[in-house]
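See below for the structure under consideration.
Letters A, B, ... mirror the listed sequences (proteins, then strands); counts begin at 1.
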Amino acid sequence: MLELDGVGFHYPRADWVFRNVSLEVPPGCVTAVMGPNGRGKSTLLRCAAGLLSPQEGTVRVHGPVGFVPQAHGTAFAYRAIDMVVMGRVRQIGWFSTPGSDDWVAAHDAMERIGIAHLRDRRFPQLSGGEQQLVLVARALASESAVLLLDEPTTGLDLHNQVRILSLLRKLAADGLALLVSTHHPDHALYLATSVVLLDGSGTAVSGPANRLLDDRTLSDLYGIDVAAVTYPDGNTMRRAIVTRYE
Amino acid sequence: MGRYGVPPGHVVDILIGRLLPGHHVADQTQQNVVLLVRLPRVLLAILVGGGLAITGAALQATFRNPLVSPEIIGVSSGASFGGALALLLGLGWAALVTGAFLFGLGALCILFLLTLGRGGAPMLMVVLGGVVTGSFFSALVALVTYLADPYTTLPAIVFWLLGSLSAASYTQVLVAVGPIMAGAVVLVLLRWRVNVLSLGDDDAKALGVHPARLRWAVLVASALVVAGAVAVSGVVTWVGLVIPHLARMWVGPDHRTLLPVSFLLGGAYVVLIDTLARSMTASEIPLGVLTAMIGAPVFFALLRRNRDRIWDGA
């Protein structure tokens with residue numbers, strides 16, 4: 001369970017990035033964070049992860065939080081399993097090294113998301129999608145009930161986007177609470193029960209995903225002409241967001 | 001090897017003779033050379049080389065930068081100044097060691113003060129602080145050499161700064177063993193946490209590590225090692241930069257093995273170089289000169305061969 005209540009943040013000597021963000025992510029649910037570049041999506045996630053301290057409001061988390069940053073280079077070419085086992089650092093003492101149960105937990109986390117075969121590969125030599133999966137496994141290895149994911153599908157090809165999205169949906173179905181930032185309204189529609197929109201005006205808007213992610217709100221949010229179309233997917237009707245080009 | 005030849009078989013005999021009472025040893029002079037001159041020198045070389053190498057490896061991880069060497073935190077400049085000042089004032093050997101050690105740790109305190117209150121001392125502030133502290137003490141060293149008597153104290157200061165183990169004795173080993181081993185043991189104990197720290201402050205913090213606290217633990221341990229090493233051997237360059245890279249090529253980047261292996265490899269390297277330094281020519285070549293002259297080209301050759309293997313895009 002993750003709860004944000006009236007959270008506001010600004011960097012020193014700068015305007016508020018956002019104010020009055022309230023949201024609640026119960027176990028088994030996904031909340032998506034959306035908004036144009038530079039309006040505080042990453043900042044909000046970093047506040048929720050405890051990496052930044054908001055100037056107002058409170059962040060409440062039950063248990064440890066697993067933060068999945070955007071995949072970035074590491075200085076050293078560790079093996080994938082070495083990266084994942086670092087998720088266990090809360091369970092391991094200052095002067096200690098991972099024990100056999102930590103390695104088992106790391107391996108299980110990799111197996112759970114289907115990347116056990118990557119365990120001995122060097123992290124920098126993995127593809128972007130594989131790196132992202134390793135970072136998700138690292139967060140899972142920490143036994144967090146709450147996962148925060150900063151644009152987990154950015155920079156990935158279509159296949160890997162679908163792979164990550166279905167994995168996240170499976171993790172939510174397993175009872176994890178997920179807060180996910182994304183640039184893709186379709187991804188938010190697929191994953192999330194509720195969304196937070198950061199438009200830079202100061203006050204964030206939050207609400208149910210299928211109410212907020214419509215053509216008018218998204219056109220306002222991004223300042224372009226956006227259309228919502230519905231299409232049949234089996235027995236249900238799904239909504240997709242398309243843009244018009246000039 | 002060296003100015004007084006002792007066959008390897010006799011060296012083994014002499015060492016066994018010390019350990020097993022009643023073992024017969026023939027030559028008293030050989031025994032003195034081995035036990036009183038060369039053994040302390042080898043021990044000191046292991047301590048200095050191992051200490052500098054493990055420190056270099058830990059600091060490269062802490063600052064996530066392959067070009068970092070123990071000099072980056074300014075401690076060796078501080079220690080150089082302390083030692084040079086003692087030589088300038090003609091205070092003798094004990095003051096040299098004490099001065100080097102105290103000013104080395106003083107440099108660390110200045111670094112701490114420079115980065116205080118900056119949101120938990122981010123990595124970049126520590127690097128800049130180290131560069132500033134180091135430059136400041138380097139300027140003071142330059143001032144001391146300028147003020148020194150060109151016929152007596154200046155050569156002594158310059159020779160000491162070049163790095164040498166020629167004055168090795170058991171007293172020096174005793175002086176060095178405390179701080180160097182204390183620092184090295186702490187670094188070895190922290191070896192897995194250093195992996196987490198090397199991911200960067202954000203990742204480390206998100207995983208549940210307090211990066212600034214862990215970094216200071218590494219810095220204090222490193223400062224103990226560097227101050228101890230400079231105090232007994234002057235400034236031995238390149239060991240702390242090159243050896244971690246060699247060790248990384250050999251055993252990979254995981255600091256659980258990299259840190260102990262760096263210590264052993266650094267110790268062996270300095271023993272080797274010091275043996276060359278004292279036996280290549282009739283008079284001794286300063287150790288710091290040889291470690292750089294041999295270290296730099298070897299390092300470059302190895303990097304060219306292995307550049308894609310260890311570092312991510314570096």
Side-chain angles (χ1 to χ4, degrees), chain A residues 11-12 42 45-53 63-79 81-99 102-103 120 122-126 131 134-135 138-139 141-144 146-150, chain B residues 57 59-68 118-120 123 185-211 213-214 217-218 221 244-245 248-249 251-260 306-314:
Chain A
Y11 288 98
S42 294
L45 281 164
R46 290 158 58 84
C47 285
L51 296 174
L52 294 171
S53 309
V65 186
F67 180 62
V68 182
Q70 290 185 49
H72 54 79
T74 54
F76 299 95
Y78 297 120
R79 292 178 309 160
I81 186 80
D82 292 327
M83 291 292 285
V84 175
V85 85
M86 290 193 220
R88 304 284 299 171
V89 71
R90 284 194 190 91
Q91 284 90 342
I92 296 168
W94 266 67
F95 292 142
S96 200
T97 58
D102 297 309
W103 291 108
D120 291 323
R122 300 279 165 191
F123 184 76
Q125 275 140 30
L126 300 175
Q131 290 188 354
V134 168
L135 296 180
R138 186 175 76 182
S142 71
E143 294 175 5
S144 307
V146 177
L147 290 194
L148 310 169
L149 300 104
D150 194 4
Chain B
L59 290 175
Q60 284 171 7
T62 303
F63 296 122
R64 310 174 67 204
N65 188 327
L67 293 175
V68 162
R118 289 274 171 171
M123 182 178 72
V185 164
V186 169
L187 291 178
V188 168
L189 285 173
L190 289 172
R191 63 196 184 280
W192 184 68
R193 295 237 141 189
V194 168
N195 280 354
V196 182
L197 190 60
S198 78
L199 297 177
D201 283 14
D202 260 10
D203 274 31
K205 198 172 173 189
L207 290 173
V209 166
H210 197 303
R213 250 178 243 164
L214 182 53
V218 172
H245 286 269
R248 210 173 279 121
M249 286 170 194
V251 298
D254 187 342
H255 294 85
R256 284 179 305 149
T257 41
L258 180 67
L259 292 186
N306 298 288
R307 63 186 144 193
D308 303 326
R309 290 240 316 266
I310 306 303
W311 292 93
D312 174 22

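Residue A61(B) touches chain A through both its backbone and its side chain, counting heavy-atom pairs closer than 4.5 Å. In this structure, chain B has heavy atoms under 4.5 Å from both the backbone and the side chain of I92(A). There is no contact between S144(A) and chain B, counting heavy-atom distances below 4.5 Å. Both the backbone and the side chain of T97(A) come within contact range of chain B, with heavy atoms under 4.5 Å apart. Heavy atoms of V85(A) lying under 4.5 Å from chain B belong to its backbone as well as its side chain.
In this structure the side chain of L189(B) never reaches within 4.5 angstrom of the side chain of W94(A), judged on heavy atoms. By the 4.5 Å heavy-atom criterion applied to side chains, P69(A) and D203(B) are counted as neighbours. Counting heavy atoms from C-beta on, the side chains of R88(A) and R138(A) never come closer than 4.5 Å.
Interface check for chain B: of the options P98(A), S142(A), P64(A), G50(A), the most heavy-atom pairs under 4.5 Å are formed by P98(A). In terms of heavy-atom pairs under 4.5 angstrom with chain B, the leader among F95(A), F123(A), F67(A) is F95(A).
With R122(A) contributing its side chain and A77(A) its backbone, the two residues share a donor-acceptor pair below 3.5 Å. Side chain of R191(B) to main chain of V188(B): a donor-acceptor pair is present (N/O by atom type, distance under 3.5 Å, no hydrogens or angles).
Side-chain contact, N195(B) with D82(A): no donor N or O sits under 3.5 Å from an acceptor N or O.
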